[in-house]
2 protein chains.
Amino acid sequence: MATTKDIRPRGRPRRFDPNQGIAVAQRLFHARGYDAVSVADLTDALGINPPSLYSAYGSKAELFARTLRHYTETQGVPLGEILRPGRPVAEALSAVLEDAANKYTAHPGSGGCLAIEGTRCNDVDARNAARNLTSAARDVIYRFVAETHPDLADVLADYTVTVMSGLSAMAREGVGRDRILGTASLAAAAYRETLSV
Amino acid sequence: MATTKDIRPRGRPRRFDPNQGIAVAQRLFHARGYDAVSVADLTDALGINPPSLYSAYGSKAELFARTLRHYTETQGVPLGEILRPGRPVAEALSAVLEDAANKYTAHPGSGGCLAIEGTRCNDVDARNAARNLTSAARDVIYRFVAETHPDLADVLADYTVTVMSGLSAMAREGVGRDRILGTASLAAAAYRETLSV
DNA sequence: TATCTTTTGTAGTCGCCACTATAAAATGCC
DNA sequence: GGCATTTTATAGTGGCGACTACAAAAGATA
């Protein structure tokens with residue numbers, strides 16, 4: 001079979017695959033956080049030299065932005081699937097928290113949500129990239145709730161984002177999956193109490 | 001009146017009051033976070049030179065630890081007062097969240113809890129100082145709940161700490177007091193649902 | 001006034017940070 | 001083989017981080 005990969009470009013061939021590099025960078029960023037990962041850490045882990053990293057990704061912050069995109073597409077909470085229009089709100093939002101609890105504790109060394117944790121870093125560009133994703137997530141939750149409960153959409157979206165942020169923080173502090181799942185389950189009680197007719 | 005302040009020590013007198021310095025440092029740390037405040041920022045704000053800061057506080061991390069102590073004593077959520085033994089658990093924990101929502105949005109430029117936010121910084125000593133305080137807070141909540149509901153103490157303490165962490169994050173992101181208070185109020189619904197007979 | 005003590009201001013230290021200038025190496029194309 | 005193109009590796013850059021060596025200054029004590 002003749003894939004596009006077989007069409008070699010003209011110059012000297014790359015010694016590393018930029019797409020695989022994103023997976024490696026994701027592990028580092030997720031385990032230590034954006035600020036605590038240096039460009040030297042990244043180039044060491046990738047087995048390349050700084051100029052290769054900059055020619056492939058542009059900057060550390062741009063690499064982080066691409067890492068975030070890959071993360072939300074492959075490992076983030078699939079809000080679009082969970083929040084299907086028509087699904088009971090309390091049930092759907094509870095499922096979001098439960099999935100978050102599972103995802104945030106999926107990998108041993110790196111707890112929490114890469115995007116949520118990224119909003120607290122000290123680099124403007126990296127922080128904005130993370131904020132864009134978390135605010136997009138809030139919008140999805142808001143619109144889902146607004147379909148059936150317009151007056152509650154804001155407070156329910158705020159509450160859900162707040163709990164997710166808290167769960168991410170707990171996971172990052174090393175709290176185990178059972179306790180995080182228990183917390184998510186208890187948090188879901190607020191949905192039932194608020195949405196009960 | 002002859003206060004202890006009138007007894008001058010022997011050497012050259014200090015040009016600044018280390019106690020007032022802690023208040024100045026607190027404003028900086030709270031507004032920008034530990035990592036984003038440099039020693040140069042601190043010495044500029046205090047109107048002193050680096051050697052004076054180091055002779056007075058030892059290090060940046062020790063100054064932060066003293067700042068944290070002062071913060072929890074004067075501006076933190078007074079768990080000891082709110083969680084009086086015998087007070088209904090749902091009511092008491094709701095009051096904790098409401099007080100946190102108010103405190104975290106008290107100062108315009110600096111949102112969130114200094115201790116909670118401090119647990120995410122990249123300096124080991126500063127982070128541990130912050131962690132000691134947040135884990136002590138969890139212990140107080142746990143013991144209060146355990147008096148009347150031993151089986152629920154762990155999950156209620158986890159949930160309360162999780163929500164407080166989330167509220168702090170929202171405040172730090174610039175969300176206004178009304179929304180944060182609304183979120184705290186909604187979070188309290190989980191207490192009622194869980195503790196209702 | 002001379003001495004002792006403590007803090008001050010000047011002027012650095014060294015290390016790590018993100019990032020880059022430059023030229024050689026490795027390919028395709030003609 | 002020779003040329004164009006692209007990535008590579010070497011070896012840096014300047015800037016900012018926490019922190020400090022040192023001597024002068026400012027007071028109490030004798």
Review point. Hey, does P13(A) reach any base, or is it just sugar-phosphate, or nothing, if we go heavy atoms under 4.0 Å?
Key: sugar-phosphate
Check your understanding: Within less than 4.0 Å of OP1 or OP2 of dT7(D), is there a side-chain N or O belonging to S55(A)?
Key -> no
Check your understanding: Does dT7(D) have OP1 or OP2 sitting under 4.0 Å from an N or O in the side chain of S52(A)?
Key -> no
Check your understanding: Mapping P51(A) and D41(A) onto DNA chain C by nearest heavy atom, which one lands closer to the 5' end?
Key -> D41(A)
Rounding to an integer number of Å, can you tell me how far [X] [atom1] sits from [N] [atom2]?
X: L63(B); N: dC19(D); atom1: CG; atom2: P; value: 11 Å
X: R14(A); N: dA9(D); atom1: CZ; atom2: P; value: 12 Å
X: D44(B); N: dG9(C); atom1: CG; atom2: P; value: 13 Å
X: L46(A); N: dT7(D); atom1: CG; atom2: P; value: 16 Å
X: D35(B); N: dC16(C); atom1: CG; atom2: P; value: 17 Å
X: N49(B); N: dA18(D); atom1: CG; atom2: P; value: 15 Å
X: R32(A); N: dC16(C); atom1: CZ; atom2: C1'; value: 14 Å
X: K60(B); N: dG17(D); atom1: NZ; atom2: P; value: 9 Å

Check your understanding: So does R10(A) reach the base of dC29(C) with its side chain, donor to acceptor, closer than 3.5 Å?
Key -> no
Review point. Given dC17(C), dA18(D), dT8(C), which nucleotide is nearest the side-chain atoms of R15(B)?
Key: dT8(C)
Practice item. Count the heavy atoms of every other residue, nucleotide or ligand shown that sit under 6.0 Å from CD of Q75(A), and state whether that count exceeds 12. Key: yes
Point to revise | Neighbour count >12 (heavy atoms, 6.0 Å) for atom CZ, R177(A) | key: yes
Revision key, fill the gap. DNA chain D nearest-nucleotide lookup for A40(B) and R12(A): closer to the 5′ end is R12(A)
Check your understanding: Relative to the 5' end of DNA chain D, which residue comes earlier, G11(A) or P50(A), by the nucleotide with the nearest heavy atom?
Key -> G11(A)
Review point. Is a side-chain donor-acceptor pair under 3.5 Å present for D41(B) with S38(B)?
Key: yes
Review point. Under a single-linkage definition using a 4.5 Å side-chain heavy-atom cutoff for Ile, Leu, Val, Met, Phe, Trp and Tyr, are I82(A) and Y71(A) assigned to the same hydrophobic cluster?
Key: no
**Study point:** Aromatic F29(B) / basic K60(B) pairing, under 6.0 angstrom, 45° off normal
**Key:** no
